[in-house]
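The structure appears below as structure tokens.
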Amino acid sequence: EVQLVQSGGGLVQPGGSLRLSCVGSGFNFDDYAMGWFRQAPGKAREGIACLGTGGTTADYRDSVKGRFTLDYDRYTSTVDLQMDNLEPAATATYSCAAIKAIVSSWFICRTASAMHFWGAGSPVTVGS
């Protein structure tokens with residue numbers, strides 16, 4: 001059984017940092033593509049940082065480039081999202097997801113509906 005267990009998130013002041021972690025089990029990392037998505041209240045879900053199958057490529061949403069970083073470990077199927085210099089607009093519920101397919105990171109970040117498995121979601125609030 002494939003599972004994605006998330007940790008991290010919470011409240012942080014503008015300009016601060018948070019790290020989200022997603023630990024996968026029940027699958028071979030090299031056969032899956034994974035990504036982080038977020039959904040703010042009243043808005044559509046969007047892909048923000050994604051890995052192509054087996055971690056071969058990485059892609060970031062333009063609004064987070066240079067501030068968010070993916071860090072993964074194929075042996076533990078862990079994909080962490082380091083978020084620095086956070087802005088209030090980053091307030092959302094963040095979820096990791098995985099798909100068993102040979103796909104690029106570009107595709108993952110733009111096709112949330114195709115993902116097979118999802119973590120439970122981690123609320124992130126950026127404010128004072």
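Quantities reported herein were computed from a predicted structural model and do not represent experimental measurements. Side chains included, hydrogens not; waters and symmetry mates left out as well; all remaining heavy atoms used.
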### Message
Between Phe117 and Phe27, is the ring centroid distance below 6.0 Å?
### Response
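Aromatic pair excluded; centres sit 6.0 Å or further apart.
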
### Message
Please confirm whether the ring centroid of Trp36 lies under 6.0 Å from the ring centroid of Phe68.
### Response
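No: the rings miss the under 6.0 Å criterion.
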
Within one Ile-Leu-Val-Met-Phe-Trp-Tyr cluster: [X] and [Y], side-chain cutoff 4.5 Å:
{"X": "Phe29", "Y": "Ile99", "value": "no"}
{"X": "Met115", "Y": "Tyr72", "value": "no"}
{"X": "Leu51", "Y": "Val2", "value": "yes"}
{"X": "Phe37", "Y": "Leu18", "value": "no"}

[Y] side chain reached by [X] side chain, heavy atoms, under 4.5 Å:
{"X": "Arg61", "Y": "Glu46", "value": "yes"}
{"X": "Leu70", "Y": "Leu81", "value": "yes"}
{"X": "Val124", "Y": "Leu20", "value": "yes"}
{"X": "Arg38", "Y": "Lys43", "value": "no"}
{"X": "Val12", "Y": "Met83", "value": "no"}
{"X": "Asp59", "Y": "Arg110", "value": "yes"}
{"X": "Val103", "Y": "Ile108", "value": "yes"}

Give a yes or no answer on whether the side chain of [X] reaches the backbone of [Y] with a donor-acceptor pair at less than 3.5 Å.
{"X": "Thr111", "Y": "Ala114", "answer": "no"}
{"X": "Thr91", "Y": "Val126", "answer": "yes"}
{"X": "Tyr60", "Y": "Ile48", "answer": "no"}

Minimum-distance pair of heavy atoms, taken over all atoms of [X] and [Y]:
{"X": "Ala98", "Y": "Leu4", "answer": "N-CD1, 3.8 Å"}
{"X": "Ser105", "Y": "Cys50", "answer": "CB-O, 3.4 Å"}
{"X": "Gly52", "Y": "Ala33", "answer": "C-CB, 3.9 Å"}
{"X": "Thr78", "Y": "Thr76", "answer": "OG1-OG1, 2.9 Å"}

### Query
side chain to side chain contact (heavy atoms under 4.5 Å, CB included) between Asp80 and Arg19: does it pass, once the steps are laid out?
CA-CA 7 Å; Asp80 291 350; Arg19 188 176 182 93; 3.3 Å; yes

Measuring from atom [atom1] of [X] to atom [atom2] of [Y], what distance do you get when rounded to the nearest 0.5 angstrom?
{"X": "Ile102", "Y": "Asp30", "atom1": "CD1", "atom2": "CG", "result": "11.0 Å"}
{"X": "Arg45", "Y": "Ser113", "atom1": "CZ", "atom2": "OG", "result": "10.0 Å"}
{"X": "Ser95", "Y": "Gln39", "atom1": "OG", "atom2": "CD", "result": "8.0 Å"}

### Message
Within the 3.5 Å criterion, strictly below it, is a donor on Ser17 or Asp84 matched to an acceptor on the partner's side chain?
### Response
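A donor-acceptor contact under 3.5 Å links the two side chains.
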
### Message
Hydrogens and angles aside, do Ser122 and Gln6 bring a side-chain donor and acceptor to less than 3.5 Å of each other?
### Response
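Looking only at side-chain atoms, Gln6 and Ser122 do form a donor-acceptor pair, the distance falling under 3.5 Å.
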
### Message
Could you go through Val79 and Cys96, starting from their C-alpha distance and side-chain angles, then the distance that decides it, and tell me whether this counts as side chain to side chain contact (heavy atoms under 4.5 Å, CB included)?
### Response
CA-CA 8 Å; Val79 180; Cys96 65; over 6 Å; no

